[in-house]
Novice: 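Sharing a structure here in structure tokens format.
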Amino acid sequence: QVQLVESGGGSVQAGGSLRLSCAASRDTVSSYCMGWFRQAQGKEREGVAIIDSGGSTSYADSVKGRFTISRDSAENTLYLQMNSLKPEDSAMYYCAARDGYCTLEVLRYNYWGQGTQVTVSS
């Protein structure tokens with residue numbers, strides 16, 4: 001069973017930065033497709049960034065150039081560095097994993113963390 005635990009959320013002013021972490025069980029981050037997703041209040045969950053087992057990454061257009069997904073296989077931890085944050089980035093951020101091809105499609109993911117809240121004020 002894959003277990004994922006996010007941390008690092010908080011409140012920040014627009015233009016600021018945060019780094020989210022996702023601690024995973026076993027060797028998940030190096031062998032699974034890993035992704036960050038977010039869900040703003042009243043909106044559907046959406047894909048933010050993904051990284052496959054080979055290290056290739058992909059981002060939603062809304063975060064390209066501002067967010068960076070990375071992993072530390074030795075620590076079995078996934079990261080999301082978020083810079084130049086905007087109020088519209090405010091959401092609950094989730095870490096997820098799937099055993100298969102990598103995609104930003106929410107419904108493809110089998111394993112989810114509990115989420116960490118990010119709030120960006122203007």
Side-chain angles (χ1 to χ4, degrees):
Q1 182 72 13
V2 174
Q3 293 183 326
L4 305 168
V5 180
E6 303 95 332
S7 61
S11 296
V12 65
Q13 289 192 326
S17 298
L18 281 173
R19 188 176 80 156
L20 306 182
S21 299
C22 173
S25 59
R26 307 187 310 188
D27 59 351
T28 307
V29 296
S30 59
S31 57
Y32 281 61
C33 169
M34 302 293 299
W36 286 100
F37 298 79
R38 67 186 181 187
Q39 186 167 17
Q41 197 166 6
K43 295 188 177 182
E44 292 186 352
R45 193 171 298 189
E46 63 177 358
V48 174
I50 54 174
I51 183 167
D52 68 16
S53 58
S56 296
T57 60
S58 184
Y59 297 89
D61 288 343
S62 59
V63 306
K64 280 180 183 176
R66 301 189 297 122
F67 290 12
T68 302
I69 188 171
S70 63
R71 66 187 181 196
D72 183 330
S73 297
E75 296 293 327
N76 217 21
T77 302
L78 181 74
Y79 299 101
L80 184 68
Q81 178 66 44
M82 305 186 295
N83 298 329
S84 302
L85 282 161
K86 305 175 181 180
E88 51 264 43
D89 293 319
S90 297
M92 185 71 79
Y93 281 73
Y94 298 90
C95 170
R98 76 180 302 267
D99 185 10
Y101 70 89
C102 233
T103 173
L104 282 166
E105 296 178 59
V106 173
L107 295 178
R108 299 287 184 181
Y109 285 77
N110 313 89
Y111 306 103
W112 292 88
Q114 83 290 348
T116 186
Q117 180 68 40
V118 171
T119 302
V120 184
S121 58
S122 57

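When reading the values below, keep in mind they use all heavy atoms of this one structure, side chains included, and skip hydrogens, waters and symmetry mates.
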Novice: Kindly indicate, with the supporting measurements, whether the criterion side chain to side chain contact (heavy atoms under 4.5 Å, CB included) is fulfilled by N83 and S17.
Specialist: CA-CA 4 Å; N83 298 329; S17 298; 2.9 Å; yes

Novice: Looking at CG of L4 and OH of Y111, how far apart are the two atoms once the value is rounded to the nearest 0.5 Å?
Specialist: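 So the CG of L4 and the OH of Y111 are separated by 9.5 Å.
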
Novice: Are M92 and L20 connected into the same hydrophobic cluster when the rule is that any two of I, L, V, M, F, W, Y join if their side-chain heavy atoms are below 4.5 Å apart?
Specialist: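 L20 and M92: separate clusters.
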
Novice: When rounded to the nearest 0.5 angstrom, what distance separates CD in Q39 from CD in E44?
Specialist: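 Rounded to the nearest 0.5 Å, the CD-CD separation comes to 8.5 Å.
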
Novice: Output yes when K64 and D61 qualify as a salt bridge under the 4.0 Å nitrogen-oxygen rule, no when they do not.
Specialist: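 Result for this pair is yes, salt bridge flagged.
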
Novice: Please report the shortest heavy-atom distance between S122 and A14, naming the atom on each side.
Specialist: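 Looking at all heavy atoms of both residues, the closest pair is CA-CB, 4.3 Å.
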
Novice: Just verifying a value: how many Å separate D99 CG and T28 OG1, rounded to the nearest 0.5 Å?
Specialist: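 That separation rounds to 10.0 Å.
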
Novice: Find out whether V29 and E75 are in side-chain contact, i.e. whether some heavy atom of one side chain is under 4.5 Å from a heavy atom of the other.
Specialist: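 When only atoms from C-beta onward are counted, E75 and V29 do not touch, as no gap falls below 4.5 Å.
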
Novice: Can you spot which of I51, T77, T57 makes a side-chain contact (heavy atoms from CB on, under 4.5 Å) with R71?
Specialist: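 Only one option passes, and that is I51.
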
Novice: Distance alone, cut at 3.5 Å: any donor-acceptor contact between the side chains of R66 and Y59?
Specialist: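 No - no donor-acceptor pair under 3.5 Å links their side chains.
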
Novice: Would V2 end up clustered with L80 when hydrophobic side chains under 4.5 Å apart are linked, directly or stepwise?
Specialist: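 Cluster IDs for V2 and L80 match.
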
Novice: Establish whether M82 and M34 are linked, either directly or via other cluster members, by ILVMFWY side-chain heavy-atom contacts under 4.5 Å.
Specialist: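 Yes, M82 connects to M34 through the hydrophobic network.
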
Novice: If you round to the nearest 0.5 Å, how far is CG of L85 from OG of S11?
Specialist: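 Those atoms lie 11.5 Å apart.
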
Novice: Would the number of heavy atoms belonging to other residues, nucleotides or ligands and lying under 6.0 Å from CD of Q114 be above 12?
Specialist: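 Yes, because the 6.0 Å sphere around CD of Q114 holds more than 12 heavy atoms from other groups.
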
Novice: Give the minimum heavy-atom separation between S90 and A40, together with the two atoms involved.
Specialist: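 Closest pair (atom of S90, atom of A40, distance): O-CB, 3.7 Å.
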
Novice: Roughly how far, to the nearest 0.5 Å, is the CD atom of Q117 from the CD atom of E6?
Specialist: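 That separation rounds to 12.0 Å.
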
Novice: Once ring pair (Phe, Tyr, Trp, His ring centres under 6.0 Å) is applied, what residue pairs with a partner in residues 17-41 remain, sequence neighbours excluded?
Specialist: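 Passing the test, one end in residues 17-41: F37-Y109, F37-W112.
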
Novice: How far apart are the closest heavy atoms of G47 and V106, and which atoms are they?
Specialist: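 What the structure gives for the nearest pair is N-CG2, 4.2 Å.
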
Novice: Assess the residue pair D89 and F67 against the criterion (side chain to side chain contact (heavy atoms under 4.5 Å, CB included)); give the C-alpha distance rounded to whole Å, side-chain angles, the decisive distance to 0.1 Å, and a yes or no.
Specialist: CA-CA 11 Å; D89 293 319; F67 290 12; 3.9 Å; yes

Novice: Enter the distance from L78:CG to S30:OG here, rounded to the nearest 0.5 Å.
Specialist: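 Between atom CG of L78 and atom OG of S30 there are 11.5 Å.
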
Novice: Tell me whether V120 is reachable from V63 by hopping between hydrophobic residues (I, L, V, M, F, W, Y) whose side-chain heavy atoms are closer than 4.5 Å.
Specialist: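 As far as the 4.5 Å side-chain criterion goes, V120 and V63 are connected within one cluster.
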
Novice: Same cluster for I69 and V118 if Ile/Leu/Val/Met/Phe/Trp/Tyr side chains link at under 4.5 Å?
Specialist: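 Yes; V118 is reachable from I69 via cluster members.
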
